[in-house]
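These notes are about the structure you will find just below.
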Amino acid sequence: MDTLVIALRVALSLGVVLALMWALHRRMQKGQFGAGRTRGRRSASLEVVARQGIGGKASVVVVDVDGQRLVLGVAEHGVTLLTSGQAPAPELTIVTGPVALPTADAFRAELDRQDEGGAGLPSDTAAAPAVSDDVLPLRPRGRRAAPRTNPVVPTAAQLQGSVLSADTWRQAASALRSRRTG
């Protein structure tokens with residue numbers, strides 16, 4: 001009877017903890033604890049652009065805050081504004097023409113052409129086929145690796161002590177068996 005009462009108390013306690021976690025999660029999503037509700041100084045967007053250490057506990061930090069770029073000197077005793085100015089506008093790449101994706105056959109042909117051409121650079125225009133101006137070419141990033149003829153199989157000595165070793169699993173199983181029986 002005592003076991004049943006204890007099990008019910010544990011289940012009830014777990015249910016209460018899970019309900020509290022669910023309620024806190026809901027409130028955090030709605031922003032009622034400050035995650036989504038920022039006011040005043042806290043609403044300023046801050047981005048650390050770069051940081052460079054110049055001594056033991058001193059560094060120079062470049063920070064963008066609401067369109068302003070600040071260069072700060074940070075030391076053990078405080079933070080000093082070294083200079084400020086306008087933050088540069090982010091660089092955007094705008095595609096004005098249509099982008100055509102190559103078909104599987106064209107991609108395979110490009111891979112075969114690169115394999116036959118040896119170690120040619122993508123900037124080589126002599127080996128590159130003519131591409132029209134309205135289509136942007138896509139090239140594969142890497143070369144296909146040649147299939148291995150002899151797979152590398154590690155020896156038992158190389159695997160000794162690792163998770164992949166069968167001896168490690170046998171030792172773990174025997175240790176568990178000895179604890180159960182003893």
Side-chain angles (χ1 to χ4, degrees), residues 17-18 20-102 106-108 110-111 113-148 151-152 154-155 157-165 168:
V17 168
L18 290 175
L20 283 173
M21 288 176 60
W22 179 77
L24 286 173
H25 176 71
R26 296 275 302 196
R27 284 203 158 190
M28 291 297 286
Q29 279 185 333
K30 291 182 181 179
Q32 294 178 353
F33 284 127
R37 301 170 72 178
T38 55
R39 295 185 189 126
R41 290 180 171 229
R42 291 186 180 206
S43 66
S45 64
L46 176 91
E47 180 184 357
V48 177
V49 177
R51 177 184 303 252
Q52 179 66 47
I54 56 173
K57 294 183 180 179
S59 63
V60 176
V61 181
V62 179
V63 181
D64 284 346
V65 180
D66 283 337
Q68 292 289 322
R69 178 157 286 182
L70 308 174
V71 179
L72 305 172
V74 180
E76 185 176 355
H77 63 277
V79 178
T80 306
L81 176 65
L82 300 177
T83 187
S84 65
Q86 286 293 97
E91 295 180 17
L92 300 176
T93 303
I94 299 172
V95 177
T96 57
V99 178
L101 298 176
F107 187 68
R108 174 70 57 203
E110 177 68 21
L111 286 176
R113 187 190 63 78
Q114 285 189 5
D115 284 342
E116 291 169 4
L121 296 174
S123 62
D124 291 344
T125 56
V131 177
S132 63
D133 291 335
D134 58 332
V135 178
L136 299 176
L138 296 178
R139 296 184 182 194
R141 289 188 177 185
R143 299 179 58 89
R144 285 185 291 168
R148 290 187 173 204
V152 178
T155 63
Q158 291 173 328
L159 291 177
Q160 184 178 8
S162 78
V163 176
L164 301 175
S165 173
T168 303

Stepwise side chain to side chain contact (heavy atoms under 4.5 Å, CB included) test for Thr168 and Val163: CA-CA 7 Å; Thr168 303; Val163 176; over 6 Å; no
Atom pair CG (Leu82) and CG (Leu72), whose distance is rounded to the nearest 0.5 Å: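 Result: 7.0 Å between the selected atoms.
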Rounded distance (nearest 0.5 Å) linking atom CE of Met28 with atom NE2 of His25: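 Output value for this atom pair is 10.0 Å.
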Qualifying salt bridge (Lys or Arg N to Asp or Glu O under 4.0 Å) pairs with a residue from residues 81-90, counting only residues at least two apart or across chains: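 Counting only pairs at least two positions apart or across chains, no salt bridge (Lys or Arg N to Asp or Glu O under 4.0 Å) contact touches residues 81-90.
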side-chain hydrogen bond (donor to acceptor under 3.5 Å, both in side chains) pairs, two or more places apart, involving residues 68-77: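 Output for this query lists Asp64-Arg69, Gln68-Gln86.
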Shortest non-hydrogen contact between Ser59 and Gly53, atoms and distance: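 Closest heavy-atom pair between Ser59 and Gly53: CB-CA, 3.8 Å.
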For Thr83 against Leu81, the heavy-atom pair lying closest together: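 Taking Thr83 first and Leu81 second, the nearest heavy atoms are O-CD1, 3.4 Å.
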